[in-house]
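What follows is a set of notes on a single structure, which appears directly below.
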Amino acid sequence: MTLLLKPTSELDAASRKIIERIQSNSPTFQHLFDLLLNLLPFFDKTVSLLDSTGYCDYEVAYVTYQTCIQVVGLMKPKTNSLNQDIFKGVQLQTRKRVSTFKTILSYFTEPETQEEDPLLNRFKSLSGGGGGSKPKSSLDEMFHEWITSSELQQELSSKKVLLIDFRPRKDYLNNHIKYKDLVHIEPKQLETLLDSASDEDLEALVKKSTPYDQYHMFLERQKYDLIVIYNYNYGSEATDRLLGIIDVVSKPNPFTKLITILTNNKYISSRLKVRPLFLSGGVLNWYKTFGNAYLERTLVQNGVAHTSDNQYLKSFNDYVSTSKEAPKTQVKTQNGDYIRPSQRKANQFDPVPVKSGATVFASAKVDLPPTPSSPAVSTPSPPRAPAPPPKTTTLTHVPEKKTKSPSPVTKEVTVSSKKSQFLELYTTGLVNLGNSCYMNCVVQCLAAAPQLTSFFFPTITESFSDHSYRQHINSNNKLGTKGELTTSFVELILNMLNNNGKAFSPTKFKRTMGSLSPSQQFLTYDQQDCIEFLNFLLDALHEDLNNVTITDPQERKMITDLSPEQEKSRETLPVRLASTIEWERYLKLNFSVIVDYFQGQHLSQLKCLECGFTSTTYNAFSILSLPIPQKLNNLGKVLLKDCLEEFVTTELLDDNNKWYCPQCKRFTRLTKKIAITRLPQVLIVNFNRFKMTNTGGFNKLETFVTYPVNEELDMTPYWPDVGSRINENSTMSIEMEQDLLQSFPVRNQTPPFKYKLFGVANHFGNLTTGHYTSYVYKHSDSKKTRNWCYFDDSKITYNVSPSQVVNKNAYCLFFQRV
């Protein structure tokens, strides 16, 4: 972006809007006089830059002068015998400024072969003449005394810019613009410097008070194309910078001394390319324009400052390492000795959770929402190679009762000291408690997800370091069960481990889960949908283990609701960037093992076919529900790929499905587009087999959907890489998008995305009567060949052929990323 001079017509329009704003307040003669006393010196100061720098903010000079003339015009009808002399004085002072334009005219003369700039003609008409020479430099085409948030964002993508955060340290640490080239300077520091101080004097202060990387940037300040200073809110919220002139002149400029020192260069080599400018409206207006995704927080631990988030952690490893102290758990070895778990020593660089509800800007009148963390790269862990059967260790498990203060109840289970292998090969049937097969099939598949079992059952060795799941239970979360359901689920899996090769009756879990379900839906012995149960279970586990607790409704609203400006900004962003920003916003209220491993994200865009207006939302998912395309009258087989293609196909909504377009102000025809924007570590896919009929009933689609069993499922083509767009008005360059993405954590979003099937839930029958079973892949050992196992409640069939796993009754698929 180049900040070119606007045509005279736009500058005149800006001046008229300023006058309209002044008139709307019904100003008195005194108010207009006071305003003029601010405008005239401001005009003089702006133009005086020509003498010292060879350039000035010509647009501001012109609009300010025009505004002064019109303010004098507003004063005239309000003149009386008491203020007539005052009016004549300010009228004379305003007219004297016309001569000042003669100094400016020489900077607007174009070569003789070109027509003169329209602004020049206007100045000539005002001054009665003019003329001059060619511009001395090109700086007159770019210098602005201040810049708006939108202009700054564009400048950051096209120029080398240095930002200076000019606020108290506590405010800077709480929240500042997310940008790599940023230096913090405290206003207090300048109090020790004289007005005549040089930039070298300021350099010495910066060296003492800032980290080395910031000090190094400050040393290189002369190499930056622009230096932009900001504080909390000085300037104007107006999106048009010229409309902010009245706001700027109404208060003293807090940056005057800093800019004066920065431009008082002891050595020519440190002279800046252009005079520093300031961000109009400060960081507050930046937040209002772009939202909290463009802000970040700095934490200081043991004297070390690093950017972080004040609500959630950078990665799941941090989630594990910063948990509460675990209840004391013991490990019983083969010789009968009990070993207490070793306590993990805190690392000075570990993130520290910050209490929710804290004011982000300490000096502000309003509380801003929390901001995203600094970059963190998280990549998938490679699959672990099978290990030979090791010696065994006995774990003493201490489950919790349904009380606020759990009482220990000891259960023992013999577990391999290489727990990963044992958790991948155990097989236990589950007794049907009366139409509870919907629950059994889900538990078998979910309990085979290695991320979940590894979280609930950490490594069991003689040097056992316990990161028990109890440390992560959020008892303050009203959306959860205070750990009751999670504890019951873990106890169920532990009992399954203890009954390896046998069957176990999940009576307690069924009762607990049923009593906690909405309207006690799963407490009865009626037939239920296993997908509804799976959704309920995953949601309950997530809320129980959610790292975030924000109880203030206003604070939650500030996080969840987008301003109109933010919504508009999302529509113009590339998909990868918008998706990342929305995910970081989602994590401010949701961070748990379920989110980290099981949740992805997709977008849904509605587009008006009459005006082109778009509305795009980004939503998290735990289960990807896919439609089954109807081919050949439901005969033959459909590929999983066909279902995915149907899912992302643009849909036309017409007739009874019309949408009320907020731009057209009426119901219009539209299209709906769905796209996958983030992929999880554990991908759960559900086929929409139950379709509503015209009479309001449901029919089951018996279509045979084939899916890979021995092969890998490649989801990479459905993931939007850098440069992906769904809006024509998205003009951001790939380079700028990549730069912005580098400021966000990767969070496992690195292609390729390939998955291996490990579980299948099957449904036989119809919606009201039927039966559920599951196929789950289990590892084999020297004693038993397991591979694909078929679980029909308490009955287990081992080493099932992969051709049987692909069956027409498949209802839900479980994939593990490889």
Side-chain angles (χ1 to χ4, degrees), residues 5-6 8-53 55-79 83-105 107 119 122-123 125-127 143-148 233-256 259-260 275 277-278 280-281:
L5 287 169
K6 294 181 178 179
T8 310
S9 59
E10 289 189 26
L11 301 180
D12 287 337
S15 180
R16 286 195 297 271
K17 289 181 180 178
I18 292 174
I19 292 299
E20 289 172 2
R21 176 183 168 187
I22 294 172
Q23 286 180 304
S24 67
N25 294 321
S26 302
T28 64
F29 182 91
Q30 182 66 45
H31 289 147
L32 293 172
F33 175 71
D34 293 340
L35 177 60
L36 205 56
L37 288 183
N38 287 326
L39 285 171
L40 290 174
F42 179 74
F43 170 77
D44 293 339
K45 180 181 71 68
T46 302
V47 177
S48 67
L49 286 178
L50 269 176
D51 296 331
S52 59
T53 63
Y55 56 87
C56 73
D57 193 329
Y58 300 106
E59 294 177 346
V60 167
Y62 176 79
V63 173
T64 304
Y65 177 75
Q66 283 290 81
T67 303
C68 288
I69 292 176
Q70 296 180 65
V71 169
V72 171
L74 293 177
M75 293 175 69
K76 189 173 183 180
K78 302 176 185 293
T79 304
N83 57 32
Q84 188 174 6
D85 290 341
I86 296 176
F87 173 73
K88 288 181 179 179
V90 295
Q91 187 179 41
L92 178 63
Q93 289 297 320
T94 302
R95 286 175 177 172
K96 282 183 178 180
R97 265 66 181 185
V98 172
S99 60
T100 309
F101 281 106
K102 293 181 180 179
T103 313
I104 301 175
L105 294 180
Y107 288 85
L119 186 60
R122 181 61 176 160
F123 284 161
S125 69
L126 291 173
S127 63
F143 178 72
H144 284 180
E145 192 165 353
W146 65 86
I147 190 171
T148 67
N233 64 352
Y234 176 71
S236 172
E237 292 185 15
T239 54
D240 185 330
R241 76 184 193 95
L242 297 176
L243 299 183
I245 288 176
I246 300 301
D247 297 321
V248 170
V249 302
S250 64
K251 298 177 182 178
N253 189 330
F255 311 120
T256 300
I259 293 175
T260 300
R275 183 180 176 86
L277 54 156
F278 66 86
S280 187

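- Between Trp146 atom CH2 and Leu242 atom CG the span is 7.0 Å, to the nearest 0.5 Å.
- Taking NE2 of His31 as the reference point, atom CG of Leu74 lies at 14.0 Å (rounded to 0.5 Å).
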Full working for side-chain contact (heavy atoms from CB on, under 4.5 Å) between Val63 and Ile18: CA-CA 9 Å; Val63 173; Ile18 292 174; 3.8 Å; yes
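- The nearest pair of heavy atoms linking Glu145 to Leu277 is O-CB, 3.3 Å.
- Val60 has its side chain within reach of Arg241: a pair of non-hydrogen atoms, C-beta onward, lies under 4.5 Å apart.
- Here the CD1-CD distance, from Ile19 to Gln70, works out to 4.5 Å after rounding to the nearest 0.5 Å.
- The line from SG of Cys68 to CG of Leu35 is 8.0 Å long, rounded to the nearest 0.5 Å.
- In this structure, CG in Asp57 is found 9.0 Å from CG in Leu49, a value given to the nearest 0.5 Å.
- Atom-to-atom distance recorded for Gln23:CD and Arg16:CZ is 12.5 Å, nearest 0.5 angstrom.
- For the pair Ile245 and Thr67, the minimum side-chain heavy-atom distance is 4.5 Å or more.
- Without hydrogens or angle criteria, Ser48 side chain to Lys45 main chain gives a donor-acceptor distance under 3.5 Å.
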Would Glu59 and His144 satisfy side-chain contact (heavy atoms from CB on, under 4.5 Å), going step by step from the backbone distance to the final call? CA-CA 8 Å; Glu59 294 177 346; His144 284 180; 3.6 Å; yes
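- Considering only heavy atoms from C-beta on, Ile86 comes within 4.5 Å of Phe29 through its side chain.
- Heavy atoms only, all atoms of each residue included: Tyr58 and Tyr55 are closest at OH-CA, 3.8 Å.
- Judged by distance alone, with hydrogens and angles left aside, the side-chain atoms of Thr79 form a donor-acceptor pair with the main-chain N or O of Lys76 at under 3.5 Å.
- For the pair Asn25 (side chain) and Pro27 (backbone), a donor-acceptor distance under 3.5 Å is absent.
- Here the side chains of Thr46 and Thr64 are not in contact, with every heavy-atom distance at 4.5 Å or above.
- For the pair Asn253/Phe278, a side-chain contact is recorded, criterion being any heavy-atom separation below 4.5 Å from C-beta on.
- Summarising the local packing, NZ of Lys78 is surrounded by more than 12 heavy atoms from other residues, nucleotides or ligands at distances under 6.0 Å.
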Pair Leu40, Thr94 - check side-chain contact (heavy atoms from CB on, under 4.5 Å), show working. CA-CA 7 Å; Leu40 290 174; Thr94 302; 4.0 Å; yes
Determine, stepwise, if the pair Val47 / Tyr65 fulfils side-chain contact (heavy atoms from CB on, under 4.5 Å). CA-CA 11 Å; Val47 177; Tyr65 177 75; over 6 Å; no
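- Heavy-atom minimum distance, Ala238 versus Gly244: CB-N, 4.3 Å.
- Side-chain contact of Tyr234 with Asp247: a donor-acceptor pair under 3.5 Å is absent, judged by distance alone.
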